[in-house]
Amino acid sequence: MLDIKTIRQNIDLVKRALENRGSSVELGFLLDQDAKRRSLIQEADELKSKRNQFSNRIAKEKSSGVDLEAEKNEMRSMSDRIKSIDVEIREVEEAMNGFIMEIPNIPHESVPVGRDSGDNQIVRSWGEKPEFSFTPKDHWDIGEGLGILDFKRAAKVTGARFVINWGAGALMERAIVNLMLDVHTREHGCREVLTPFMVNRESMTATGQLPKFEEELFATNNDYFLVPTAEVPVTNLYRSETLNEEDLPVKLVSYTPCFRREAGSYGKDTRGLIRLHQFNKVELVRFAHPSRSYTDLEELTGEAEDILKKLGLHYRVVCLCTGDLGFSSAKTYDLEVWMPAQGVYREISSCSNFEDFQARRGQIRYKAKQAKKTELCHTLNGSGLAVGRTLAAVLENYQKEDGTVMVPEVLKPYMKLDLITPIS
RNA sequence: GGAGAGAUGGCCGAGUGGACGAAGGCGUUCGCCUGCUAAGCGAAUGUAGGGUCAUAAGCUCUACCGAGGGUUCGAAUCCCUCUCUCUCCGCCA
C-alpha cells in the first residue's frame, strides 16, 4: 500500500511509475476523496472540541444547580451531526482504502523499464550447462522411471497438479529442505521459524495477496487461507509491532508447503513438478532498515544463489523489468536454473524488496533508541529455494544414460546414498 | 463440546459515569551524585489523524483502555454483539 501523502505530493511520479508497470489507475478520484476526507475531519473535530468543552462545563457546574437544559438540547443535535459526519468519513476512507489497496508498488529507479518478461535484464550467470552424451530426459520421465515420483496416484488421491514422492524421492525432498535450512541458519545467520500453514484474512491483506488476488488462494470454510508462501506467516510475525533499530536486519528462514490455485494457468506446465497446487519451499525473509534495504536485497539474493552453487546447478540471475514486477514488489531478482531436458531456464527463486509497501499495510515499524518517531521497516523475501523445482533440476542435471540419478555431493550426507536406482 | 474468569500504556497493575491519555510500580532515556559498579535523587517517556507550516521544529485540535454498535450533554467505567486468552470437565493426535 502506498502512502496517501506520497501520492498527493508526488502525483506525477506515481503516475509515471504506474504507467511503466502497464497499470492504468485513475488517481483523480482518490485525490478528490482525500480532499473531502480532510475537510470532513476538520468539521467533525471542531464540533467534537465544542462538545468536550461543554461537557467539562457541565461537570464543573453540576453542583451549582444551574439549569442547562437548553444547551443540552443543542448538544444533542450536535452529537447527532457528529455521528453522521463520522459515518461519512468512514465511507470516504473505505472508498479510498479499497482504491489504494489495488495500486501496486512503485518500482525502484534501478529497475529496467519494460513491458513483459522479454524486457527482463540478465544480470549474471553461474556455472555451465552440463553436457550429455545422450538426450537428457524430462524430470517426470526420470522420476516415474525410477518409481520415485507418482503423478497418477496423486491424481487419484487428490487431483491434477499434485505429486506423490516415494522412497528416494521423498528422501531427497527432505534432504533438500534440510540442506537449505542448515545452510541458511548456520552459514547465513538466519533464525529458523516454523509457522502455521493457514493464516487469517488480515495477514493475507498485509502482504498484499488480498484483496486483489483471492482467486489464487485456497480458503477454508472458516475464512482461513492456506499459505501460498511462507512470506505470508513470516512477514506477519511482526505485524503491528515495533522492532528495535539495532536489531535490524532481522533475518529469518522458514520451511512451509505452499498452496496455490494456479487459476488461469490451465494447460501451462501440466507435466512434472514445475507448477503444482502444493509444493515445498524454504523462504528467506528480512526486516530491514530503509537506508540499506537494497544492500539486503543483494545479500539475500546471494544467500539463495549459494544453495544452487552448493548443488552445482547452473543458473542465471534476472532483474525483472517494470512490466513483469509483482504487485507488492519494488525490485525483484529471479534466479533461473538450467533445465537440460527442455533446454530452458526455469524460475527457482524470486527475491524481492517490498520497501515499506507491506510494512505500511501491516504496520511493521522500527524505532531508534533516541528517536521520537517510529518508522516503517522495509520487508524483503526470496525463495531459498523452491524445493520441488530444485528436485526437478537435480534429476535432470544429474541424470545418467541408464535412467539412474547421481546424488549431488552436498546431499550425500543427508541421504546416505550415492545413486538413485529403481530399487532405492 | 460443557462450565466459569478475563482483555487497560514497552511490562505489571489501579480505576464502576465528568477534573482520566489514564494512579502506582517496573523498564527505558537524559541529567545529578559517585574511586568503579550498584544504590540514591531529579526530569522525560504511547500511537495515529487533522490544522498551522517548509513534507522541519514548535504550537494546537481530535481519536484510541481487545473489536464493533448502543445509552448519555459526557463512557476505560453502563448495555448488546463479536474476537481472543486463561482455568476446570469431557474428547482427541
Side-chain angles (χ1 to χ4, degrees), chain A residues 1-14 30-97 100 106 194 196-206 220-225 233 236-248 250 290-291 355-356 359-377:
Chain A
M1 176 164 76
L2 299 179
D3 181 17
I4 179 65
K5 277 187 199 156
T6 309
I7 298 174
R8 190 195 304 147
Q9 287 151 5
N10 305 287
I11 186 73
D12 290 331
L13 185 122
V14 174
L30 188 62
L31 295 178
D32 288 348
Q33 294 295 300
D34 176 48
K36 189 175 171 193
R37 168 176 176 268
R38 282 183 293 155
S39 90
L40 285 170
I41 285 176
Q42 240 181 93
E43 192 182 351
D45 279 1
E46 260 168 50
L47 292 174
K48 283 176 189 173
S49 177
K50 269 188 205 161
R51 181 178 69 183
N52 288 344
Q53 281 171 32
F54 180 74
S55 290
N56 282 333
R57 193 175 139 213
I58 289 192
K60 285 198 186 97
E61 295 184 2
K62 191 165 58 171
S63 50
S64 66
V66 183
D67 180 25
L68 294 167
E69 239 354 275
E71 287 90 337
K72 280 190 188 179
N73 277 329
E74 197 188 321
M75 284 303 123
R76 258 187 279 269
S77 63
M78 192 182 281
S79 264
D80 287 345
R81 174 81 187 121
I82 289 172
K83 249 173 229 173
S84 77
I85 297 174
D86 277 345
V87 167
E88 222 179 319
I89 290 173
R90 201 169 30 194
E91 282 168 1
V92 170
E93 286 183 342
E94 266 166 31
M96 287 174 67
N97 229 357
I100 288 182
I106 296 174
L194 184 63
F197 302 154
M198 292 189 237
V199 300
N200 58 29
R201 190 168 278 276
E202 292 75 59
S203 295
M204 283 295 184
T205 305
T220 65
N221 56 11
N222 61 165
D223 213 35
Y224 287 167
F225 297 86
N236 274 281
L237 289 174
Y238 296 119
R239 174 150 55 85
S240 307
E241 294 191 26
T242 304
L243 302 167
N244 294 322
E245 186 180 38
E246 67 263 29
D247 293 336
L248 300 179
V250 175
S291 68
E355 298 192 1
D356 62 12
R360 182 169 297 105
R361 289 185 175 213
Q363 289 301 302
I364 305 167
R365 293 184 280 235
Y366 72 91
K367 188 177 183 180
K369 258 200 158 51
Q370 309 286 350
K372 280 196 198 129
K373 284 191 69 70
T374 55
E375 309 280 349
L376 293 171
C377 290

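Below, each value reflects all heavy atoms present in this structure, side chains not excepted, and no hydrogens, waters or symmetry copies. Here is the naming used below: chain letters follow the sequence lines, and residue numbers restart at 1 for every chain.
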When you measure from the side-chain N and O atoms of A:Ser79 to the phosphate of B:G74, is any distance below 4.0 Å, counting only OP1 and OP2? yes
With sequence neighbours left out, write down each residue that passes ring-ring contact (aromatic ring centres under 6.0 Å, His included) with A:Tyr224, or none if nothing qualifies. none
Hey, what are the protein-to-nucleotides 67-71 of chain B N/O distances that come in under 3.5 Å?
from: B:G69; atom 1: OP1; to: A:Arg90; atom 2: NH1; distance (Å): 2.2
from: B:U71; atom 1: OP2; to: A:Lys83; atom 2: NZ; distance (Å): 3.4

Using a 4.0 Å heavy-atom cut-off, does A:Asn56 contact any base of the nucleic acid, only the sugar-phosphate backbone, or nothing at all? nothing
Can you tell me if the side-chain N/O atoms of A:Ser39 get under 4.0 Å from OP1 or OP2 in B:G50? no
Could you list the donor-acceptor pairs under 3.5 angstrom formed by side chains in residues 1-12 of chain A, with sequence neighbours left out?
from: A:Asp3; atom 1: OD1; to: A:Lys5; atom 2: N; distance (Å): 3.3
from: A:Arg8; atom 1: NE; to: A:Asp34; atom 2: OD2; distance (Å): 2.7
from: A:Arg8; atom 1: NH2; to: A:Asp34; atom 2: OD1; distance (Å): 3.3
from: A:Arg8; atom 1: NH2; to: A:Asp34; atom 2: OD2; distance (Å): 3.3
from: A:Asn10; atom 1: ND2; to: A:Thr6; atom 2: O; distance (Å): 3.1

Provide the Watson-Crick or G-U wobble partner of B:C26, both distances under 3.5 Å; none if there is no partner. B:G10
Show each protein N/O and nucleotides 52-54 of chain B N/O combination with a separation under 3.5 Å, one pair to a line.
none

Charged N-O contact under 4.0 Å between A:Arg37 and A:Glu93: yes
Examine distances only and state if a side-chain atom of A:Ser203 and a backbone atom of A:Val199 form a donor-acceptor pair shorter than 3.5 Å. no
May I ask you to list the residues of residues 30-38 of chain A, by number, that have any heavy atom positioned under 4.0 Å from an atom of RNA chain B? A:Arg37, A:Arg38
It should be established whether A:Ser49 places a side-chain nitrogen or oxygen under 4.0 Å from OP1 or OP2 of nucleotide B:U62. yes
Run the side chain to side chain contact (heavy atoms under 4.5 Å, CB included) check on A:Glu202 and A:Arg239 step by step: do they pass? CA-CA 10 Å; A:Glu202 292 75 59; A:Arg239 174 150 55 85; 3.6 Å; yes
Restricting to salt bridge (Lys or Arg N to Asp or Glu O under 4.0 Å), what partner residues turn up for A:Arg360, sequence neighbours left out? A:Asp356
